[in-house]
Amino acid sequence: MNYTCSCHCGQLKISFETTLEKVVECNCSHCRKKGYLLTFMPKAQTQMTLPEGAYSTYTFNKHVVQHHFCKTCGCAPFGISKGHDGVTETVAINLRCLDVPLDLSTVNIIAYDGASA
Ligand SMILES: [Zn+2]
């Protein structure tokens, strides 16, 4: 199915196709505070709108993930990092920012122990 995620004011957007087979809830200090539900895919499989000047970027720990968030509304619909191969740009999409709300009873949420990773 095709999905779109965006920040609350609509400046940051991403559209993508997925089966939503894998929805991850991570317990690391950052994901926990932001309440993320994530799915991952190569950036090349998405269409992204990330206007220069509209966003800020937060990094922490090993600084491998660029956590983008909207300067106006504060929402963080996605982050970008290198994939497991160290080359492919990978997007972590925050399913809490889906434009059509996700029915949580229809997805299998996988707990990831990022706090211990
Ligand atoms: Zn916004």
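Hydrogens, waters and symmetry mates are skipped; everything else that's a heavy atom, side chains included, is used. From a predicted model like this one, the values you see are computed outputs, not experimental measurements. Residues: numbered from 1 along the sequence shown. Atoms within a ligand are numbered from 1 in the order they appear, just like the ligands themselves.
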Inset, instruction - Using the ring pair (Phe, Tyr, Trp, His ring centres under 6.0 Å) rule, take His30 and Tyr58 through it: C-alpha gap first, then chi angles, then the decisive distance, then the call. - result: CA-CA 10 Å; His30 185 247; Tyr58 178 65; 5.4 Å; yes
Legend entry - Any donor-acceptor pair under 3.5 Å from Asn94 side chain to Leu38 backbone: no
Inset, instruction - Check side chain to side chain donor-acceptor pair (under 3.5 Å) between Ser29 and all other residues, then give those that pass, not counting sequence neighbours. - result: none
Donor-acceptor contacts under 3.5 Å from residues 97-104 side chains, at least two apart:
| unit_1 | atom_1 | unit_2 | atom_2 | d |
| --- | --- | --- | --- | --- |
| Asp99 | OD1 | Ser6 | OG | 2.6 |
| Asp99 | OD2 | Thr4 | OG1 | 2.6 |
| Asp103 | OD1 | Ser105 | N | 3.0 |
| Asp103 | OD1 | Ser105 | OG | 2.7 |
| Asp103 | OD2 | Ser105 | OG | 3.3 |

Inset, instruction - Sort by chain and number the protein N/O/S atoms that are closer than 2.8 Å to the Zn ion (ligand 1), and list them. - result: Cys7 SG, Cys9 SG, Cys70 SG, Cys73 SG
Inset, instruction - Please report the closest heavy-atom contact between Leu12 and Phe69, naming both atoms and the distance. - result: CD2-C, 3.9 Å
Inset, instruction - Applying salt bridge (charged side-chain N to carboxylate O under 4.0 Å, His left out), name anything that partners Glu89, two or more places apart in sequence or on another chain. - result: Lys43
